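A quick note: this is a predicted structure, and the numbers were derived from the prediction, not measured. Reminder, nothing fancy here: chain letters follow the sequence lines and each chain counts from 1.
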Protein chains: 2
Amino acid sequence: MMARLNMRELALKLGVDRATISRALSSDKAHLVAPATRERIRQEAFAAGYRPDLTAAALRRGRSNTIGILVSDLGNETFIEVIRTIFRYLDKRPGEASLTPLIAETLDQPDATRRLIDTFLSRRVDAIISLASTEADTPILQQAAREVPVVLAIRSIAGAVFPSSLCDDRAGGAMVATHFAERGHKVVCQVQGPPLSATFKNRALGFSEVCAARSIVEMPQRIFAENATSAAGKRALDAMLGMSPRPTAVFAHNDALALGVIEAMRHRGLRYPEDLAIVGFNNTHLSRVLAVPLSTVDYPVEDVSRHAGELVRNLIDNPSYRFESRLFVPSLIVRASS
Amino acid sequence: MMARLNMRELALKLGVDRATISRALSSDKAHLVAPATRERIRQEAFAAGYRPDLTAAALRRGRSNTIGILVSDLGNETFIEVIRTIFRYLDKRPGEASLTPLIAETLDQPDATRRLIDTFLSRRVDAIISLASTEADTPILQQAAREVPVVLAIRSIAGAVFPSSLCDDRAGGAMVATHFAERGHKVVCQVQGPPLSATFKNRALGFSEVCAARSIVEMPQRIFAENATSAAGKRALDAMLGMSPRPTAVFAHNDALALGVIEAMRHRGLRYPEDLAIVGFNNTHLSRVLAVPLSTVDYPVEDVSRHAGELVRNLIDNPSYRFESRLFVPSLIVRASS
DNA sequence: CTGTTAGCGCGTTCAC
DNA sequence: GTGAACGCGCTAACAG
């Protein structure tokens with residue numbers, strides 16, 4: 001391993017002071033250095049392979065230019081898409097330093113959030129975005145929020161006021177129920193995601209409200225999937241087939257669950273939408289590719305991510321920024337499955 | 001935002017020296033502190049909400065306890081699984097500090113690798129694991145390797161010697177061809193992944209070698225998918241149906257490509273394996289869930305990840321460690337599709 | 001077993 | 001427009 005060049009050594013080599021190098025390489029104070037020396041320094045620094053030590057800079061500045069992103073499941077396409085979009089948004093903009101994301105996965109395990117947030121804070125992240133919050137995490141997040149800005153995205157927490165960027169899941173669920181009503185379904189059913197996430201609670205609520213209002217019979221089916229697709233889907237289908245009256249349409253709380261139901265139907269020789277109409281949630285890549293493409297609710301990934309990014313930037317720059325939490329409206333995409 | 005407590009303030013409060021606190025809270029030097037004071041310090045530190053500043057520790061130690069992980073596509077289930085496994089392996093073991101991963105995605109864009117590696121090095125990662133290397137990246141990686149250990153996983157680079165932990169993709173391809181031979185197929189075909197990754201080159205090579213040796217006709221089909229599944233799969237199927245003689249079996253270089261082919265078959269009313277036998281690669285969750293489950297090559301994720309983790313740990317502890325690159329053998333899982 | 005001292009590499013403030 | 005000096009928070013080395 002080669003020893004790294006530091007600023008002092010580079011300064012010695014160029015015959016200037018360290019401070020001049022620091023200024024010349026910075027984006028905000030570069031104008032203080034004479035153009036000629038500035039260019040010389042930049043070129044020589046590059047040629048010498050000089051790399052500023054960001055851990056030292058972080059210590060001196062009191063800002064690390066990192067943000068912590070907490071996610072429940074890295075295998076979930078939607079989360080990945082949000083991470084990507086946030087990252088693109090936070091990455092180098094002209095004149096500003098880019099923020100490096102620290103990504104961590106909770107898998108919805110109870111202690112994970114505490115441990116990972118602890119790590120984030122010890123690493124002096126400038127802000128935290130949580131896409132993984134459950135109500136059990138409220139105290140931890142509130143505690144963290146006393147040290148750095150904490151922003152919620154995708155998943156809200158009832159009864160706690162964090163700056164947040166969310167999808168109106170209740171509206172999404174309502175859209176699906178309305179769609180079923182318009183198609184003339186009289187008996188319907190939900191395959192719900194794990195209720196420790198407010199996301200799924202709200203989808204269920206919105207759906208049920210519309211069913212009640214339009215006198216649709218909603219069978220009280222409670223499926224609690226973890227990450228499972230096939231397993232939960234199969235169980236769900238079995239349960240549905242045993243119901244009386246038997247539902248003619250099902251709302252799966254995400255595309256993965258929908259896929260599970262579909263696969264189970266295939267095993268039994270049932271077809272959708274003829275035997276059972278089905279609608280998912282998220283507009284996953286998979287939903288577009290299926291032989292009979294899946295109707296699904298399109299998640300406003302771009303909006304949610306951009307606003308989360310904006311919240312973070314603004315709150316880092318000014319901790320007492322008067323933020324505005326936002327709720328973005330999803331849209332129903334009707335395909336052949338319903 | 002509340003001001004954070006630092007070590008000096010805590011020391012003042014407890015009436016001990018900062019060094020004692022440092023030792024008491026460390027895992028390797030805790031034995032130097034009297035058990036009574038050690039416990040008192042730990043409890044008081046916890047009660048006061050003290051959090052050591054890891055950026056400062058990194059500066060002082062010359063080690064950040066972070067590692068950079070470079071991946072081509074976060075949407076790929078196998079990569080995610082590898083990241084998870086490596087993380088589990090590098091996470092807190094008794095008596096050692098845990099390593100925080102910095103994760104970055106290249107999307108196989110040419111400049112991305114350089115920029116992201118630059119960021120890693122500036123952030124003083126203790127090592128880099130690349131799951132995203134293409135041959136264009138060799139110089140960048142070699143340069144990085146002069147500063148920190150660089151380990152390759154999943155994707156190798158021809159002609160460059162980095163410590164690596166790989167799957168024997170050539171053997172995997174060969175297994176598939178052998179399987180086709182045993183099933184009596186005479187004319188076969190491949191749907192290849194993008195050839196800038198050695199992974200796919202080797203799968204193709206192993207497959208072709210066996211075909212040649214066993215006098216199977218391999219149609220010279222060259223499909224170059226990016227991340228596409230349905231698109232590339234459809235094109236592939238169209239091309240295959242136009243071939244003469246027409247292949248009776250196809251080897252898709254990963255499960256996503258296989259899914260694309262399968263969906264295209266459904267659109268045309270073709271069935272597998274009757275009309276066309278198909279084998280994928282990776283043993284993705286999806287392959288198990290399909291109505292007709294997909295034969296596939298099981299990727300030795302656990303082995304590859306663990307060895308990559310071991311390489312990193314050992315090389316960090318001792319840069320001149322005599323490492324051993326390893327090649328793990330995949331295994332063919334025959335299901336109903338072939 | 002504990003305290004003292006020094007310095008990791010950088011960015012800022014204050015001189016000039 | 002540039003240089004000198006200081007200190008961010010921590011840990012290693014050395015005393016005692």
Side-chain angles (χ1 to χ4, degrees), chain A residues 3-42 44-45 48-66 96-97 121-126 147, chain B residues 3-42 44-45 48-66 96-97 121-126 147:
Chain A
R4 273 184 280 242
L5 191 67
N6 66 26
M7 203 181 254
R8 189 207 262 48
E9 290 157 354
L10 184 65
L12 215 62
K13 204 159 145 182
L14 300 196
V16 293
D17 194 82
R18 285 150 50 207
T20 307
I21 295 186
S22 174
R23 287 189 274 249
L25 297 182
S26 83
S27 49
D28 55 336
K29 299 216 166 96
H31 64 277
L32 295 176
V33 180
T37 38
R38 183 175 59 212
E39 280 318 304
R40 186 172 70 95
I41 288 173
R42 289 193 170 181
E44 292 284 345
Y50 172 71
R51 247 180 259 288
D53 183 327
L54 259 34
T55 65
L59 180 58
R60 172 63 238 228
R61 273 200 269 247
R63 277 199 40 183
S64 63
N65 285 321
T66 57
E96 294 189 56
L121 293 175
S122 272
R123 297 222 171 262
R124 295 299 186 255
V125 295
D126 298 331
E147 298 188 28
Chain B
R4 274 184 278 241
L5 189 68
N6 67 25
M7 202 180 253
R8 189 207 263 47
E9 290 158 353
L10 184 65
L12 216 62
K13 205 159 143 181
L14 299 196
V16 293
D17 194 83
R18 285 146 53 206
T20 307
I21 294 185
S22 174
R23 289 189 275 249
L25 297 181
S26 83
S27 48
D28 56 335
K29 299 213 167 100
H31 65 276
L32 295 175
V33 180
T37 39
R38 183 175 60 212
E39 280 318 305
R40 186 171 70 96
I41 289 173
R42 291 194 166 178
E44 292 283 345
Y50 172 71
R51 248 180 261 287
D53 183 327
L54 260 34
T55 66
L59 179 59
R60 173 64 240 227
R61 273 200 269 245
R63 277 199 41 182
S64 64
N65 285 320
T66 58
E96 293 189 57
L121 293 175
S122 272
R123 296 222 171 262
R124 297 298 186 257
V125 296
D126 298 331
E147 298 189 27

Looking at every non-hydrogen atom in both residues, tell me the closest pair between A/L25 and A/Y50 and how far apart they are. CD1-CE2, 3.6 Å
By salt bridge (Lys or Arg N to Asp or Glu O under 4.0 Å), A/R124 pairs with (sequence neighbours left out) B/D53
Using the salt bridge (Lys or Arg N to Asp or Glu O under 4.0 Å) criterion, which residues pair with B/R4? Sequence neighbours excluded. A/E147
Hey, does the side chain of A/T20 come within less than 4.0 Å of D/dG3's phosphate (OP1/OP2), counting only N and O? yes
So what does B/N6 touch, heavy atoms closer than 4.0 Å: a base, only the sugar-phosphate, or nothing? sugar-phosphate
Roughly what angle, to 10°, lies between the helix axis at the start of the helix from C/dC1-D/dG16 to C/dC16-D/dG1 and the one at its end, five pairs per end? 30°
One character per nucleotide, please: for nucleotides 11-16 of chain D, 5' to 3', B when the base has a protein heavy atom closer than 4.0 Å, S when only the sugar-phosphate does, - otherwise. BSB---
Residue pairs, two or more places apart or on separate chains, that pass side-chain hydrogen bond (donor to acceptor under 3.5 Å, both in side chains) and touch residues 10-26 of chain B: B/S26-B/D28
Sequence neighbours excluded, which residues qualify as side chain to side chain donor-acceptor pair (under 3.5 Å) partners of A/R42? none
Can you pull the contact range of chain B along DNA chain C, 5' to 3', using atoms under 4.0 angstrom from its heavy atoms? C/dC1 to C/dG9
What pairs with B/R8 under side chain to side chain donor-acceptor pair (under 3.5 Å), at least two apart in sequence or on another chain? none
Remember a base hit wins even if backbone is also touched, and classify B/T37 as base, sugar-phosphate or nothing at under 4.0 Å, heavy atoms. sugar-phosphate
Starting at CG of A/L54 and ending at P of D/dG9, how long is that distance when rounded to a whole Å? 18 Å
Could I get the full list of salt bridge (Lys or Arg N to Asp or Glu O under 4.0 Å) partners for B/R60, not counting sequence neighbours? none
Taking only residues two or more places apart in sequence, or in another chain, which ones meet A/T37 in a side chain to side chain donor-acceptor pair (under 3.5 Å)? none
